[in-house]
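Heads up, the thing below is written out as structure tokens.
Start at 1 with the first residue, then count along the sequence.
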Amino acid sequence: MNITIRKATEKDAPLLAESMLESSRSGKKKGLFDVVFNTTETKVVLERLEKLTTTQTKSYCHFSNFLVATVDGVDAGSLCGYEPRIATYEIFTKAMAELGCDGSYEDRLTAYREVEPQFDKKTFLLDFMAVKDEFHEFSVLKELVQKSLLTARLKGYRIVQTMVEIGSVEAILVYKKLGFSEIDERTSAAYEAEFGRPGIVRLQIHL
């Protein structure tokens, strides 16, 4: 199995949208982006996520933050790595405005806000780790994460974090195998009622 990691391009928007939706739902019927776009119709959410990855405003969902793994020349999965100090919530709001969203989604994120971790300016963040079922091998995830850690190191970061839903056992195990350790978790009854999971666990690795 020949694994190659490359930077995502605008043409990868469909793959990135699928990865973002799969990662956010994490085996559930509803995830963060279903709430953001106020629909659980997969086709609609994917269409909007594709547009979100290619907005002029470079939010954390922008394709330029993603790496893509290919196995024997076939796209297998992706991982997002970004700088919270640059890809701020204000930037995300601006990108959403480009899509024509009126900001009403912010009111729907109340439950998420209760468990959302706060990241400082010295932290590099990983998100949306997803690999297609037919390529779901640890080696592919390992290559994506290690390449992302190298990117963080080259940008001068020494701390890399990720956040995963409590109960997403596979994702947590992958990160722990790669040297991450849990540093905190935040739970909320409102979040569990909305998403079916108790909350968010944050993991960290020092470079």
Side-chain angles (χ1 to χ4, degrees), residues 4-26 30-70 75-113 116-132 144-145 147-157 159-164 200:
T4 303
I5 306 297
R6 62 175 176 81
K7 290 185 177 180
T9 69
E10 191 169 352
K11 294 180 180 179
D12 293 308
L15 172 68
L16 305 184
E18 290 177 4
S19 295
M20 292 165 68
L21 184 57
E22 178 188 336
S23 175
S24 64
R25 285 181 176 174
S26 189
K30 182 170 69 172
L32 179 65
F33 292 111
D34 297 288
V35 173
V36 168
F37 296 119
N38 200 28
T39 177
T40 55
E41 188 175 338
T42 297
K43 182 180 179 181
V44 175
V45 179
L46 287 174
E47 288 175 350
R48 294 180 181 176
L49 284 175
E50 281 189 41
K51 292 178 181 178
L52 185 58
T53 67
T54 56
T55 53
Q56 286 189 325
T57 303
K58 294 183 178 181
S59 73
Y60 74 104
C61 300
H62 194 264
F63 73 83
S64 59
N65 292 319
F66 283 82
L67 294 176
V68 173
T70 62
D75 291 340
S78 62
L79 178 64
C80 176
Y82 66 97
E83 301 171 82
R85 68 182 181 85
I86 295 176
T88 62
Y89 185 73
E90 288 72 25
I91 294 296
F92 177 75
T93 300
K94 186 177 179 181
M96 289 290 287
E98 279 190 46
L99 300 185
C101 297
D102 60 7
S104 61
Y105 67 90
E106 295 187 45
D107 294 332
R108 296 191 294 274
L109 292 177
T110 302
Y112 175 73
R113 295 275 178 246
E116 182 182 25
Q118 299 299 311
F119 302 98
D120 63 40
K121 295 181 179 180
K122 298 179 180 179
T123 300
F124 190 84
L125 191 61
L126 302 184
D127 206 347
F128 308 130
M129 179 174 66
V131 175
K132 295 179 180 178
L144 278 168
V145 173
K147 185 67 173 181
S148 296
L149 295 182
L150 176 60
T151 299
R153 189 178 294 113
L154 291 175
K155 288 179 177 290
Y157 289 90
I159 297 175
V160 177
Q161 295 180 357
T162 189
M163 53 183 178
V164 180
I200 298 291

Could you measure the distance from the CG atom of Leu46 to the CZ atom of Phe37? Nearest 0.5 Å is fine. 10.0 Å

Check: Arg85 main-chain N/O paired with Thr88 side-chain donor or acceptor under 3.5 Å: no

Nearest non-hydrogen partners of Gly81 and Leu126, listed with the distance: CA-CD2, 3.9 Å

Are the side chains of Thr4 and Val68 in touch, meaning some heavy atoms are under 4.5 Å apart? no

May I ask you to test the Phe128-Tyr60 pair for a side-chain heavy-atom distance under 4.5 Å? yes

In short, Leu15 meets Gly77 closest at the heavy-atom pair CD2-O, 4.4 Å

I'd like to check Tyr112 versus Leu32 (side-chain heavy atoms, cut-off strictly below 4.5 Å). Are they in contact? yes

Can you tell me how far CE of Met96 sits from OG of Ser104, rounded to the nearest 0.5 angstrom? 8.5 Å

Kindly confirm or rule out a cation-pi arrangement of Arg48 over Tyr105, judged by NZ or CZ under 6.0 Å from the six-membered ring centre and within 45° of its axis? no

Please determine whether a side-chain nitrogen of the Lys or Arg among Asp12 and Arg6 lies less than 4.0 Å from a carboxylate oxygen of the Asp or Glu. yes

Glu50 and Ala13 have their tightest heavy-atom pair at CG-O, 3.7 Å

Looking at side-chain heavy atoms only, is the closest gap between Ile200 and Pro117 below 4.5 Å? yes

Interatomic distance, Glu47 atom CD to Leu99 atom CG [nearest 0.5 angstrom]: 12.0 Å

Is a side-chain N or O of Gln161 found less than 3.5 angstrom from the main chain of Phe119, in a donor-acceptor match? no

Find out whether Leu16 and Leu49 are in side-chain contact, i.e. whether some heavy atom of one side chain is under 4.5 Å from a heavy atom of the other. no

Got more than 12 heavy atoms from elsewhere within 6.0 Å of NZ, Lys58? no

Within-4.5 Å side-chain heavy-atom neighbours: His62 and Ile91: no

Are any of the side-chain heavy atoms of Val164 and Met129 separated by less than 4.5 Å? no

Look at the side chain of Ser23 and the backbone N and O of Met20, then say whether any donor-acceptor pair between them is shorter than 3.5 Å. no

Asp107 to Thr110 - nearest heavy-atom pair and separation: O-OG1, 2.9 Å

For the pair Thr57 (side chain) and Ser59 (backbone), establish whether a donor and an acceptor sit closer than 3.5 Å, ignoring hydrogens and angles. no

Here the gap from Glu116 atom CD to Gln118 atom CD, rounded to the nearest 0.5 Å, amounts to 6.0 Å

Does any non-hydrogen side-chain atom of Asp120 lie less than 4.5 Å from one of Ile159? no

Once rounded to the nearest 0.5 Å, what's the spacing between atom NZ of Lys121 and atom OH of Tyr157? 10.5 Å

Minimum heavy-atom separation for Ser148 to Leu67, with atom names? OG-CD1, 3.4 Å

Rounding to 0.5 Å, atoms CZ (Phe124) and OG1 (Thr162) come to a distance of 11.0 Å

Dump the intermediate steps for side-chain contact (heavy atoms from CB on, under 4.5 Å) on Val131 and Leu79, then the final yes or no. CA-CA 9 Å; Val131 175; Leu79 178 64; over 6 Å; no

Where the side chain of Thr55 meets the backbone of Lys51, is there a donor-acceptor pair that is under 3.5 Å apart? no

side-chain contact (heavy atoms from CB on, under 4.5 Å) between Thr93 and Glu106: does it pass, once the steps are laid out? CA-CA 9 Å; Thr93 300; Glu106 295 187 45; 4.1 Å; yes

Between Glu98 (side chain) and Gln56 (backbone), is there a donor-acceptor pair under 3.5 Å? yes

